[in-house]
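Quick caveat, the model's predicted, so the values are computed rather than measured. Just so it is clear: chains get the letters A, B, ... in the order the sequence lines come, proteins before strands, and each one is counted from 1.
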Number of protein chains: 2
Amino acid sequence: MTERPHAYLRVADDLREQIKTGALTPGLKLPPQRLLAEEYGVSDILIRRALEILRNEGLIESRQGSGTFVRERPPVRRISMDRYLVDSGPQETPQTSFTHDAGITWSQYRLDKAFAWIEADERLAELFGVDVGARVLERRFVFYAVGEPSQMSRSCLLASDVEGTPVADPRHEPWPGGNTGQLRSLGIKVDKIRETTAVRMPTPDEAERLGIGTGVPVFSITRRTYAQGRVVEVADPIVIPGDRAVREDSIVL
Amino acid sequence: MTERPHAYLRVADDLREQIKTGALTPGLKLPPQRLLAEEYGVSDILIRRALEILRNEGLIESRQGSGTFVRERPPVRRISMDRYLVDSGPQETPQTSFTHDAGITWSQYRLDKAFAWIEADERLAELFGVDVGARVLERRFVFYAVGEPSQMSRSCLLASDVEGTPVADPRHEPWPGGNTGQLRSLGIKVDKIRETTAVRMPTPDEAERLGIGTGVPVFSITRRTYAQGRVVEVADPIVIPGDRAVREDSIVL
DNA sequence: TCAGGAAAGTTCGTATACGAACTTATCAAT
DNA sequence: ATTGATAAGTTCGTATACGAACTTTCCTGA
């Protein structure tokens, strides 16, 4: 690391180094900004800038009125397209794509849900391949694994497919077998799933619901579920905290 | 968007909105901070904070002594595992997985490279499935598409495979057909590729090389290339700016 | 006409300062 | 012993201020 000309960068570099090497261990509380300013011999505003940089990098977390802490690294969850195989497979034990990925059992699983009938806006209509204004069942979920929020999503189904069926009834969630299971109960056989994965910073709302700092990036996945050549389900977006998940993909040539 | 209690967030929101809606078009120069401060009726330091947020989001770019400009939005690049099919396919026109993804021709493609012989550290050894300390050819690349840096990576090959071959000679980069082509030239037939995709904030170094703000998240991909059941190449990490790329994946049930 | 340099404009680094908002620790009163 | 109020500690929002470093414009002089 070459000598930095700017004091706040030097401070940031130094603290980052200490965190990376483990001199500052996760969960540890940093000295108050007052002290840091004194130690480094710079004004408080430079300390604040340095801390903001580290906060953006996801290395630290500030709690107002309490202090600044080195962030804990939560366990990693592996997301793979294979999870959709369990949805459609035999159901010895109840599972969904989510429980599969999170590596948890049905009983450690919980979700918040909110159903609504809406009209497809431009984006949704394009994803579905239907006209704008088409009636759609919008289902918003927040998934918890062992109490920790670890995924939220908005999943949509066409009213023409599900209106008046048990699938449209929130009380049946969570549904063993997940989306694919639900669709199968309607006689719709899912044959292809496409996902578009983007990465971005969370909205303030997402950050709060997922219990992450606003400096932690997220996966934002758009999923299209196909059956007989048409789109039967659209999830847009599926939001997953980036600090506790990785995608796994493979190709055989 | 609800009313924000904090002035600098209001300013940032307002400017962001103007950029998103196109009221401020790419390339345009913003009013100087002095004027902005006056317009919004806040002190200059709040303007600076607001601008820093937008800079981190990759929306604007400040040139010292000159002004602050709305950034040009680079086109979105789609990353899919399909790109590895090109590598191994017939070579009518030279291509690599990178040119395929970026949707560019060979001539719009350029890369910086740096080769070195190193000894495998713990992580690398585990990825390869060899002993720590094994000799490895480390190749660092920065890929440019139409002049814009859009990917950087560290790709490693085992010395036992490549030492003394043309593949180990930097002058042969870029190699038509990419990694797979190189390995084929050594008589190694790639049969499987696995990728682990994480999302995180860029290191300061990565942000600089990729020309992104430190607030723009990146894809960090670890790739393992297999042939006959062993790992013949490891790319760790492949770093791709999150503001100009999305992953595309699909599964057929 | 052209080169050189000064002047103006601009972002950026940095300091001091004060109070608001929030959390934690302390201590007193019931 | 439990509760409730108070104080201390801490981050955060915000203001003013000055000069450094850099870029662009413009003017001067040959």
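Counting to the nearest Å, the C1' atom of D:dT11 and the CZ atom of B:R49 are 11 Å from each other. For the pair A:L30 CG and D:dT11 C1', the computed distance is 12 Å after rounding to whole Å. Rounded to an integer number of Å, the gap from CD1 of B:I47 to P of C:dT11 is 11 Å. Between A:H6 atom NE2 and C:dA15 atom P there is a gap of 13 Å when expressed in whole angstrom units. For the pair A:L46 CG and C:dC12 C1', the computed distance is 12 Å after rounding to whole Å. In this structure, A:Q33 places its CD atom 8 Å from C1' of D:dC12, rounding to the nearest Å. For B:F69 and C:dT10, the CZ to C1' distance is 10 Å, given to the nearest whole Å. In this structure, A:R10 places its CZ atom 12 Å from C1' of C:dG13, rounding to the nearest Å.
Residue-level contact check: B:R34 touches neither bases nor backbone, having no heavy atom under 4.0 Å from any strand. Residue contacts shown for B:S43 include a base, since a base heavy atom lies under 4.0 Å away.
In this pair, A:H172 and A:W175 present their aromatic rings perpendicular. The plane angle is above 60°, beyond the 30 to 60° band.
Position along DNA chain C of the nearest nucleotide to A:Y8 versus A:D44 favours A:Y8 as the more 5'-ward residue. Each of A:Q64 and A:R48 was assigned the nucleotide of DNA chain C with the nearest heavy atom; the assignment lying further toward the 5' end belongs to A:R48. When the nearest nucleotides of DNA chain D are assigned to A:G67 and A:I45 by heavy-atom distance, the more 5′-ward of the two goes with A:G67.
A:E233 contributes atom CD, which lies 11.5 Å from atom CZ of A:R224 (distance to the nearest 0.5 angstrom). The line from CG of B:L46 to CG of B:D44 is 8.0 Å long, rounded to the nearest 0.5 Å.
The side chain of B:T68 sits closest to C:dT11 out of C:dT11, C:dT23, D:dC12.
Checked against A:L24 for a side chain to side chain contact (heavy atoms under 4.5 Å, CB included), the options A:L59, A:L30, A:I60 give a single hit: A:L30.
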